[in-house]
Peer 1: 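Take a look at this one; I'll ask things after.
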Amino acid sequence: MRRAVVVVLDGMRRDLISDESTPALARFAARAQSFAAHRSMFPSATRVVSASFATGCTPARHELQGNSLALMENGRLVYHDAGHPEFLQHKRRVTGRSLAVPTMAERLGPHGGMILFSNVSPGAAYAHDPDGHGHVYHRAGSFGPGRKRIEGAGALKIAQDAAGERAMTVRFVEEVLFDRRPALALLWMGEPDASQHVMPLGSPQHLAVLRQADANFARVVEAVDRLRDKGDDVLLIACSDHGHQTVSRVVDIEAELIAAGLKDSRESGDVVTPTSGTSTLVYIHPDHAAKTDDIGAFLSSRDWVDRVVPAAELASVGQAPHQSLAFAISLKSDDEPNAFGVRGHSYESRPAPGKTTHEGCGQHGGLARYEQMPFLMIDGAGFAAGGVSIAPTSPIDIAPTILAHLEVPAEGMDGRGLRT
Ligand SMILES: [Zn+2]
């Protein structure tokens with residue numbers, strides 16, 4: 001039986017894989033093909049990457065533009081947190097579609113199905129299957145085909161901690177890999193991302209988190225070996241969705257635009273600036289389009305930006321001017337080491353009220369070097385054990401790679417299959 005098994009270690013930086021901190025991943029590199037130029041999406045954020053992973057398409061095509069974003073509703077630009085469990089259901093009501101292109105869950109519905117176990121934000125988990133074709137298990141609610149809610153012991157009741165990650169992995173191995181045997185089995189762990197947001201990268205407590213996540217990965221590898229011994233043709237993919245930078249400063253972009261006279265107030269709908277950590281999207285209401293050039297000049301003149309991408313150039317970063325998106329900003333970064341020798345700092349956009357900032361700890365979302373340094377390793381037919389590919393790859397290439405292994409058509413995707 002042809003099957004695909006994917007393990008995602010959310011936020012795992014490629015350059016932090018080592019014999020000491022992640023021995024199972026380091027060993028896996030000897031039997032898998034590694035992709036040394038693998039990048040994230042933009043924004044380099046979990047909800048965006050989840051939608052790209054699921055659809056094989058850039059945000060310009062799937063329309064999940066950021067971890068937070070704006071939708072034009074009844075003539076108003078409305079801010080949304082895409083991590084909210086109901087976000088894509090709401091987007092379907094507003095725009096007529098959740099994601100604008102089909103997911104792997106939909107494509108695999110008649111071909112063995114998809115089962116996801118996820119411990120990240122609800123919105124990121126549900127981006128894999130917003131229309132209810134497969135099975136999605138998440139602590140905020142688990143759903144089967146038709147988005148029928150799974151109740152009782154069948155639901156996934158775990159915490160966002162080491163014990164929860166371990167329990168999720170053990171259940172994934174026993175129930176999903178051995179008993180239910182879907183065509184695509186996907187385990188998306190919340191670590192090391194969750195801990196990296198609240199502890200310094202490279203600190204002893206951070207390295208302990210890496211070892212725990214690596215041990216969960218080792219459980220899946222051991223299970224896949226047993227499946228292969230029983231005759232299954234398994235494509236095993238290990239990857240992350242983005243890396244992390246150390247936050248060196250927090251910038252209140254909204255306040256700066258108000259102070260410069262380019263936005264009326266915090267509450268005004270003329271200019272809306274939802275953040276994705278170290279990046280920000282700037283939406284300008286069509287009634288205020290006359291401000292666009294002044295806002296572009298102001299943003300480009302700030303010492304807190306690396307890059308301001310105007311509407312006409314959004315395609316170069318996989319975005320499009322949907323919903324009156326006018327600019328995308330990647331905040332200032334450097335290549336300096338932190339106190340533990342881990343390189344790369346970035347400025348962080350001040351998040352929405354009630355959300356915390358991350359000075360001295362990890363964050364991501366932009367185009368900087370280390371947040372754009374996720375890892376990808378693929379073990380299975382058509383991939384060279386111990387080989388290293390230097391061709392550019394990104395999360396949009398994973399779905400066509402999986403579907404090629406499963407012999408299911410992957411037409412209409414932006415990415416390309418990676419099997420040689
Ligand atoms: Zn992530």
Side-chain angles (χ1 to χ4, degrees), residues 6-17 22 25 38-55 58-59 62 64-69 81-85 87-88 116-128 136 138-140 160-161 164-165 168 186-199 201 206 209-210 212-214 216-217 237-247 274-279 318 330 344 346 348-349 351 355-356 358 361-376 394-396 398:
V6 183
V7 183
V8 181
L9 282 73
D10 200 292
M12 180 76 216
R13 267 171 62 154
R14 182 162 73 238
D15 64 323
L16 297 185
I17 293 174
T22 59
L25 282 174
H38 191 55
R39 288 174 61 83
S40 183
M41 308 308 295
F42 178 64
S44 48
T46 307
R47 297 154 206 169
V48 177
V49 176
S50 294
S52 289
F53 179 103
T55 62
T58 62
H62 62 59
L64 208 170
Q65 292 177 298
N67 261 10
S68 62
L69 47 74
D81 178 349
H84 190 279
F87 170 69
L88 285 171
L116 165 67
F117 276 33
S118 169
N119 201 23
V120 296
S121 73
Y126 302 149
H128 289 272
V136 174
H138 187 274
R139 59 183 188 279
Q160 267 188 303
D161 59 15
E165 296 265 304
M168 179 174 75
L186 172 54
L187 177 67
W188 197 301
M189 294 196 275
E191 297 288 11
D193 179 83
S195 292
Q196 286 173 174
H197 282 299
V198 296
M199 51 183 68
L201 302 177
H206 172 229
V209 170
L210 294 187
Q212 289 166 357
D214 185 71
N216 286 324
F217 171 64
I237 299 178
C239 63
S240 54
D241 51 344
H242 53 75
H244 270 246
Q245 306 274 129
T246 295
V247 175
T275 70
S276 296
T278 57
S279 69
S330 184
S346 279
E348 175 182 38
S349 303
K355 299 216 169 188
T356 177
H358 304 90
C361 302
Q363 184 55 288
H364 53 88
L367 292 166
R369 181 172 180 184
Y370 301 97
E371 60 196 349
Q372 286 287 341
M373 201 180 275
F375 79 99
L376 172 62
S394 82
I396 62 174
I398 295 174

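We count ligands from 1, going down the list as the structure has it; atoms in each ligand are counted the same way. Counting begins at 1 with the first residue of the sequence.
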Peer 1: If you look at Asp241, which of its N/O/S atoms is nearest to the Zn ion (ligand 1)?
Peer 2: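 Closest to the Zn ion (ligand 1) among those atoms: OD2.
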
Peer 1: Kindly confirm whether the Zn ion (ligand 1) is within less than 2.8 Å of some N/O/S atom in Ser240?
Peer 2: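 Within the cut-off used here (under 2.8 Å), Ser240 places no N, O or S atom near the Zn ion (ligand 1).
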
Peer 1: Flag the pair His244 / Tyr370 as yes when their ring centroid distance falls below 6.0 Å, and as no otherwise.
Peer 2: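 No.
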
Peer 1: Which of these passes side-chain hydrogen bond (donor to acceptor under 3.5 Å, both in side chains) with His364: Arg13, His197, Gln245, Gln196?
Peer 2: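 Passing option: His197.
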
Peer 1: Using the ring-ring contact (aromatic ring centres under 6.0 Å, His included) criterion, which residues pair with Phe217? Sequence neighbours excluded.
Peer 2: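 Partners of Phe217 by the ring-ring contact (aromatic ring centres under 6.0 Å, His included) criterion, ordered by chain and then number, come out as Phe28.
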
Peer 1: Looking only at N, O or S atoms, which one in Asp10 sits nearest to the Zn ion (ligand 1)?
Peer 2: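 Among the N, O or S atoms of Asp10, the one closest to the Zn ion (ligand 1) is OD1.
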
Peer 1: Would His242 count as a contact for the Zn ion (ligand 1), in the sense that one of its N, O or S atoms lies under 2.8 Å from it?
Peer 2: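 Here the distance criterion (N, O or S atom, under 2.8 Å) is met by His242, so yes.
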
Peer 1: Are any N, O or S atoms from Asp193 nearer to the Zn ion (ligand 1) than 2.8 Å?
Peer 2: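 Looking at Asp193, which is the residue asked about, there is no N, O or S atom under 2.8 Å from the Zn ion (ligand 1).
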
Peer 1: Output, in order, the C-alpha distance, side-chain angles, deciding distance and verdict of side chain to side chain donor-acceptor pair (under 3.5 Å) for Asp241 and Thr46.
Peer 2: CA-CA 6 Å; Asp241 51 344; Thr46 307; 3.0 Å; yes

Peer 1: Measuring from His206:NE2 to Leu201:CG, what's the distance to the nearest 0.5 Å?
Peer 2: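 Separation between the atoms: 5.5 Å.
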
